[in-house]
Amino acid sequence: MGALTPKTIAQLDLAVSRCRACRRLVNWREKVATEKRAAFRDETYWGRAVPGFGPADAKVLIVGLAPAAHGANRTGRMFTGDRSGDVLYAALHAVGLANQPTSTHIDDGLTLHGVRITAPVHCAPPDNKPTVTERDRCQKWLDVELGLLKPTLKSIVVLGGFGWQSLLPVLRKNGWDIPRPNPKFGHGVEVDIAETPGHSAVRLFGSYHVSQQNTFTGRLTPSMIENVLRAAGSHAGLSVSSAAS
């Protein structure tokens, strides 16, 4: 990106929203935004790449997969307006990291406390499956985002194996000393990344993705995701609520 590399989170979010690098994803996100789902036929879809959401000085970063076609691709905000977001934001609120448990549209007043949410792919992909080429092309945005968050970042929560495998090489590229072979993904896995010159230590937290496939089957329960978020927030020094008895 050279001289055009964003220097602030606000600049990054704007640049992401204007990205048209992947023809297949651009065609799909715009097709969905035009055809719409019947339940949302009177709404104006975002239909663009979806930037990250949360403060520029976040201590916790949550890394998902990609925007949902009728969720973030519709609303313009990560995990907003779909079932996955219902689970994630309810959990964030339950542990004290969000001011409300719901996320319905971009102007609903939702605020995150010390947490930012992003994804390795910023456009809604067909069948929720981005290609490896699309993931790698979009990697530049995650690279910049991690660079901008370095001064404050303490914990990273990764939702699912795709996000885990996407994140590790970007962390390494940004100067963090990632163990080799790469740490394996799993729910509840925690990996400490040691401090290196110019890089504070961070801890990775693995969680199953908050997809309907996982939450409807009970593979991921509310208490499971809450426990991961609580641990990540606590490690980062954020104020989190204790587990319900």
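Numbers for residues simply follow the sequence, beginning at 1.
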Kindly indicate, with the supporting measurements, whether the criterion side chain to side chain contact (heavy atoms under 4.5 Å, CB included) is fulfilled by L65 and N128. CA-CA 9 Å; L65 193 162; N128 292 320; 5.7 Å; no
What are the two closest non-hydrogen atoms of V158 and F185, and how far apart are they? O-CE1, 3.9 Å
Between L171 and I156, is any pair of side-chain heavy atoms under 4.5 Å apart? yes
Between S17 and W46, the two heavy atoms sitting closest are CB-CZ2, 3.8 Å
I'd like to know if D108 pairs up with R77 as an ion pair, taking the criterion as any Lys NZ or Arg NE/NH1/NH2 lying under 4.0 Å from an Asp or Glu carboxylate oxygen. yes
Does CD in Q213 sit with more than 12 non-hydrogen atoms of other residues, nucleotides or ligands closer than 6.0 Å? no
Stepwise side chain to side chain contact (heavy atoms under 4.5 Å, CB included) check, H113 with N99: CA-CA 8 Å; H113 306 314; N99 70 324; 3.9 Å; yes
For the pair E30 and R48, find out whether any cationic side-chain nitrogen is under 4.0 Å from an anionic carboxylate oxygen. no
Polar side-chain atom of E134 near backbone of P130 as donor-acceptor pair, under 3.5 Å: no
Step by step, work out the side chain to side chain contact (heavy atoms under 4.5 Å, CB included) result for I225 and T215. CA-CA 10 Å; I225 183 64; T215 58; over 6 Å; no
Interatomic spacing from CD1 in I62 to CD1 in I117 - rounded to 0.5 Å: 4.5 Å
If I compare all heavy atoms of V16 with all of A49, which pair ends up nearest, and what's the gap? O-CB, 3.0 Å
Membership question, hydrophobic clusters at under 4.5 Å side-chain separation (ILVMFWY): are V121 and F53 in the same one? no
Do K36 and E43 sit within salt-bridge range, that is, some charged N less than 4.0 Å from a carboxylate O? no
Looking at D86, D82, T80, which one forms a side-chain hydrogen bond (donor to acceptor under 3.5 Å, both in side chains) with S103? T80
Residues, nucleotides or ligands: over 12 heavy atoms within 6.0 Å of D177 CG: no
Pair N27, R24: side-chain N/O donor-acceptor within cut-off below 3.5 Å: no
Donor-acceptor check, side chain of K59 to backbone of H235, threshold 3.5 angstrom: yes or no? no
Donor-acceptor under 3.5 Å (N174 side chain, D143 main chain): yes
Heavy-atom nearest pair, G47 first then A33, reads CA-CB, 3.8 Å
Going through the distances and angles, do F205 and V189 end up as a side chain to side chain contact (heavy atoms under 4.5 Å, CB included)? CA-CA 6 Å; F205 296 80; V189 166; over 6 Å; no
Quick check on the hydrophobic clustering: are L88 and M224 connected, directly or via other members, by side-chain heavy-atom contacts under 4.5 Å? yes
Taking atom CG of L142 and atom OG of S166, what is their separation to the nearest 0.5 Å? 8.0 Å
Are F162 and I178 connected in the hydrophobic side-chain network, where two residues link if heavy atoms are under 4.5 Å apart? no
For atom CZ of R203, decide whether the heavy atoms of other residues, nucleotides or ligands shown that lie under 6.0 angstrom number more than 12. yes
So V144 and T5, do their side chains get closer than 4.5 Å, heavy atoms only? yes
Which heavy atom of A72 sits nearest to which heavy atom of M78, and what is that distance? CB-CA, 4.2 Å
What I'd like to find out is whether the side chain of L25 reaches to under 4.5 Å of the side chain of R29, using heavy atoms alone. no
Check: W164 side chain, P183 main-chain N or O, donor-acceptor pair, under 3.5 Å: yes
By ring-ring contact (aromatic ring centres under 6.0 Å, His included), which residues pair with F79, not counting sequence neighbours? H209
Distance (rounded to the nearest 0.5 Å) between T102 OG1 and L110 CG: 7.5 Å
Is a donor on one side and an acceptor on the other found under 3.5 Å between the side chain of S239 and the backbone of G96? no
Are V63 and P120 packed together at the side-chain level, in the sense that at least one heavy-atom pair is separated by less than 4.5 angstrom? yes
Under the 3.5 angstrom rule, does the side chain of R172 hit a backbone N or O of P169 as a donor-acceptor pair? no
Here the gap from R137 atom CZ to C22 atom SG, rounded to the nearest 0.5 Å, amounts to 4.5 Å
How about Y45 and V32: do any of their side-chain heavy atoms sit closer than 4.5 Å? yes
Assess whether atom NZ of K150 is packed by more than 12 heavy atoms of other residues, nucleotides or ligands within 6.0 Å. yes
Measure the shortest side-chain to side-chain distance between L97 and V60 over non-hydrogen atoms and say whether it is less than 4.5 angstrom. no
Identify the heavy atoms of E145 and T118 that sit nearest to each other, and give their distance. OE1-OG1, 2.6 Å
For a 4.5 angstrom cut-off between non-hydrogen side-chain atoms, does W28 reach P125? no
How about L61 and V115: do any of their side-chain heavy atoms sit closer than 4.5 Å? no
Verdict with reasoning, R116 to D13, per salt bridge (Lys or Arg N to Asp or Glu O under 4.0 Å): CA-CA 12 Å; R116 183 169 171 84; D13 291 348; 2.6 Å; yes
Measure the OG-CG distance between S207 and N214 for me, rounded to the nearest 0.5 Å. 8.5 Å
Could you tell me the separation between the OH atom of Y208 and the CG atom of L159, rounded to the nearest 0.5 Å? 13.0 Å
